[in-house]
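Each remark here refers to the structure printed beneath this line.
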Amino acid sequence: MLLDTFSELERNRYEKLLEMRAQGVEPYPTRSHKDTEAAEAIARFEQTENAPESTPVQVTLGGRIRAIRNMGKLSFAHIEDKSGKVQLFFRVDELGQEKLDFFANHFDLGDFIEASGTMFRTKRGEVTLQVSDFWMVAKALLPLPADKDEIVDGKVVRHSQLSDPETRFRNRYVDLAVNPEVRKIFKLRAAIIKSIRNFLDNRGFLEVETPILQPIYGGAAARPFLTYHNQLRQQLYLRISFELYLKRLIVGGFDRVYEIGRDFRNEGVSFKHNPEFTQMELYMAYGDYHAIMELTEQMVSQVAQEVLGTQIIQFDEHEINLTPPWNRIQIRQGLMDLAGIDIAAYPTAEALGEVLKEKKINFKPGIPRGKMIGLLMEEYLEPTCIQPTFLYDYPRDISPLAKNKPEDPNTVERFEAFISGVELGNAFTELNDPLEQEKRFSEMGREYGEGEEERHPMDEDYLRAMAYGMPPMGGFGMGVDRLVMFLTNNHNIREVILFPHLRETFDEIEEDSTKQE
RNA sequence: GGGCGCGUAGCUCAAUGGUAGAGCAGCGGCCUUUUAAGCCGUUGGUUCAGGGUUCGAGCCCCUGCGCGCUCACCA
């Protein structure tokens, strides 16, 4: 029972609720009567304020009470709705002592109130609603964490705001309710995604939805989540990428498709990894990875321009310029320049392994050559990619879905985009030769061994689709959460996901007897 | 999974091994233009959990849980 968990402080609010009911006032009425947003009321007043024949701005406002200042014969309150805050002014002359006392005795911080009256400007200069009538629309039984804003030199200074990350993420509704800057992140997030859609829609891409529950996972190197369909008695995986389904659609004739949705990867959780995350993938027939590079830099810079009004963003201590063209560094050349290693001179894993040992880079014995190159990139290339950079031409053995470079069978046409040393997206000229694809799947099986879940499983139906003829194309996958992190200057992915995954608490584990292995 | 750090009132934080505190929030007063309102008074604690050392533990030790940072795994 909720009531059983209440502290004395919370009981107190419940008592007020009971008192209201006893007086015939419903604390959760069915209808509301708000007709104007806070910001709109203020704007309308300011427009008419100095007009010679201004008519009074008469409105009914509604929102959550964020501050109350009772002063005996008058009261001030601030309420907040999605447009912002506005002050309410209650005077005994206007309302009578009884009504004023009713406000003082029954309304708390966090309650939802509606009030009608006329807008005016106080002596201190704040546009305010002079309340002629008010009523409760939802009583809050639990108190929100106390905080107050002070305006110093035009800047809002928060006092004692809710800041403990665990409390904030476990009770995101409270975090959002009291921290407007957190709400702002998610408004920006929505705008970013909308802007991506606009960009792609305008270029003839069709937005599609493909299965999240998949009998065979694929399209990325990651461990999947496993689930089970009872009636079909079928094991299913939660998708780790959209790739193989989207490319089937290109076979189907759409030529340009994209999807924005959730991927699930059963891997470590960190400041840049959440078990489920939002991915954007697109496929463009008759394009290659060079075309995708251009599309990517245009998309990201344009999204920034639309959402932030600038292509120059601040991330960490760096000022990052998203304006095209971005840096392009070929991996072999980059490693020659920055590490003094020509990877082409070491064509086998054994030979390259010796180089890694020389450079004191630790690696698990037996990993493929491509992974070793990945380690070199992490050490020498990626940290230098502060400004937006495409690293391109990847080793073939870690890229089973990408097409060879025509002149170099060990290298594929693939790039990854980096900003501030962190990967933003991954793209390639897509392999469209079904027999070659079949060979690659088999190779992956050998490289990784049977037991390793991250090896790319053979997908027979995908090969069949390709065998019907798949036009040449470029494809691209981008972590939307990462992009939101860059554009909102957040360094932890949990800050840009509304309900990030947190470990269960002990109590929850004990109560949940159905939990799986 | 490893290492380091943190966990005290609803929130933000104090407290040499020696009576658990402050501000805000709450509650009771005073106050007719306040705005971090103010002034006076006051309530509120399983110090994350369990064990140990000690005359005595918020503090020291052990175990567990959670969070943060970091490394590893992983794009």
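In what follows, chains carry the letters A, B, and so on, assigned in the order in which the sequence lines appear, proteins first and then strands, with residues in each chain numbered from 1. Only a predicted model underlies this, so the values are computations on that prediction, with no experimental measurement involved.
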Report task. Pick base, sugar-phosphate or nothing for A/Asn70, based on heavy-atom distances below 4.0 Å to the nucleic acid. Result -> base
Report task. Would you kindly compare A/Tyr394 and A/His501 by the position of their nearest RNA chain B nucleotide and give the one closer to the 5′ end? Result -> A/His501
Report summary line: Interatomic distance, OG1@A/Thr278 vs CG@A/Asp263, rounded to 0.5 Å, equals 9.0 Å
If you look only at distance, which donor and acceptor atoms sit under 3.5 Å apart when one is on a side chain in residues 62-72 of chain A and the other is two or more places apart or in another chain?
residue	atom	partner	partner atom	Å
A/Arg64	NE	A/Gly110	O	3.2
A/Arg66	NH1	A/Glu80	OE1	2.7
A/Arg66	NH1	A/Ala177	O	3.2
A/Arg66	NH2	A/Asp147	OD1	2.9
A/Arg66	NH2	A/Asp147	OD2	3.2
A/Arg69	NH2	A/His78	ND1	3.3
A/Arg69	NH2	A/Gln87	OE1	2.8
A/Asn70	OD1	A/Ser75	OG	2.5

Report task. Considering only atom P, compute the distance from B/rC27 to B/rG7 and round it to an integer number of Å. Result -> 30 Å
Requested in this report: Using modelled atom types only, decide if a donor and an acceptor are shared between the side chain of A/Thr128 and the backbone of A/Glu126 within a distance under 3.5 Å.
Outcome: yes
Query - Residues from residues 97-105 of chain A lying under 4.0 Å of RNA chain B - heavy atoms - result: none
**Report entry** Residue mapping more 5' on RNA chain B - nearest nucleotide basis, A/Arg121 or A/Phe277
**Finding:** A/Arg121
Query - Residue-phosphate contact under 4.0 Å: A/Arg91 side-chain N/O, B/rU33 OP1/OP2 - result: no
Report task. Tell me whether the OP1 or OP2 atom of B/rC67 has a side-chain N or O from A/Arg170 closer than 4.0 Å. Result -> yes
Requested in this report: Would you indicate, yes or no, if B/rC74 has its OP1 or OP2 atom less than 4.0 angstrom from a side-chain nitrogen or oxygen of A/Lys272?
Outcome: no
Query - Rounded distance in Å between the P positions of B/rU54 and B/rG10 - result: 34 Å
Query raised in the report: Do A/Arg494 and A/Val269 touch side chain to side chain, with heavy atoms closer than 4.5 Å?
Result: yes
Requested in this report: Determine the contact category for A/Phe120: base if any of its heavy atoms lies under 4.0 Å from a base atom, sugar-phosphate if only primed atoms, P, OP1 or OP2 are that close, otherwise nothing.
Outcome: base
Query raised in the report: B/rA25 C1' sits how many Å from A/Asp108 CG, rounded?
Result: 10 Å
Report task. Kindly indicate whether a cation-pi arrangement holds for A/Lys405 with A/Tyr394, taking the cut-offs as under 6.0 Å to the six-membered ring centre and within 45° of the axis. Result -> no
Query raised in the report: Can a cation-pi geometry be assigned to A/Arg172 and A/Phe499, taking NZ or CZ under 6.0 Å from the six-membered ring centre and within 45° of the ring axis?
Result: no
Query raised in the report: Which part of the nucleic acid does A/Phe271 contact within heavy-atom distance under 4.0 Å: base, sugar-phosphate only, or nothing?
Result: sugar-phosphate
Query raised in the report: Hey, does the side chain of A/Arg124 come within less than 4.0 Å of B/rU33's phosphate (OP1/OP2), counting only N and O?
Result: no
Query raised in the report: What is the distance from CZ of A/Phe76 to P of B/rU34, rounded to the nearest Å?
Result: 7 Å
Query raised in the report: Has the side chain of A/Gln87 got a donor or acceptor that lies under 3.5 Å from a partner of the other kind on the base of B/rU34?
Result: yes
Query raised in the report: Contact class for A/Arg265 vs. all strands (heavy atom < 4.0 Å): base, sugar-phosphate, or nothing?
Result: sugar-phosphate
Query raised in the report: Is A/Arg69 near enough to B/rA37 that one of its side-chain N or O atoms lies under 4.0 angstrom from OP1 or OP2?
Result: yes
Query raised in the report: Do any side-chain nitrogens or oxygens of A/Asn12 fall under 4.0 Å of OP1 or OP2 in B/rU43?
Result: no
Query raised in the report: Which nucleotide in the list B/rC67, B/rU32, B/rU34 gets nearest to the side chain of A/Lys73?
Result: B/rU32
Query raised in the report: Any side-chain donor paired with an acceptor under 3.5 Å for A/Tyr462 and A/Lys247?
Result: yes
Report task. Would you kindly say whether A/Glu243 and A/Tyr245 are connected by a side-chain donor-acceptor distance under 3.5 Å? Result -> no
Query raised in the report: Touch check for A/Lys16, heavy atoms < 4.0 angstrom, all strands: base, sugar-phosphate only, or nothing?
Result: sugar-phosphate
Query raised in the report: Judged by modelled atom types alone, do A/Asp175 and A/Tyr173 share a side-chain donor-acceptor pair under 3.5 Å?
Result: no
Query raised in the report: Rounded to the nearest 0.5 Å, what separation is found between the CZ atom of A/Arg11 and the CG atom of A/Leu141?
Result: 10.5 Å
Requested in this report: Could you encode protein contacts along nucleotides 7-15 of chain B as a string, one character per nucleotide from 5' to 3', using B for base contact, S for sugar-phosphate-only contact and - for no contact, with a heavy-atom cut-off of under 4.0 Å?
Outcome: ---BSS---
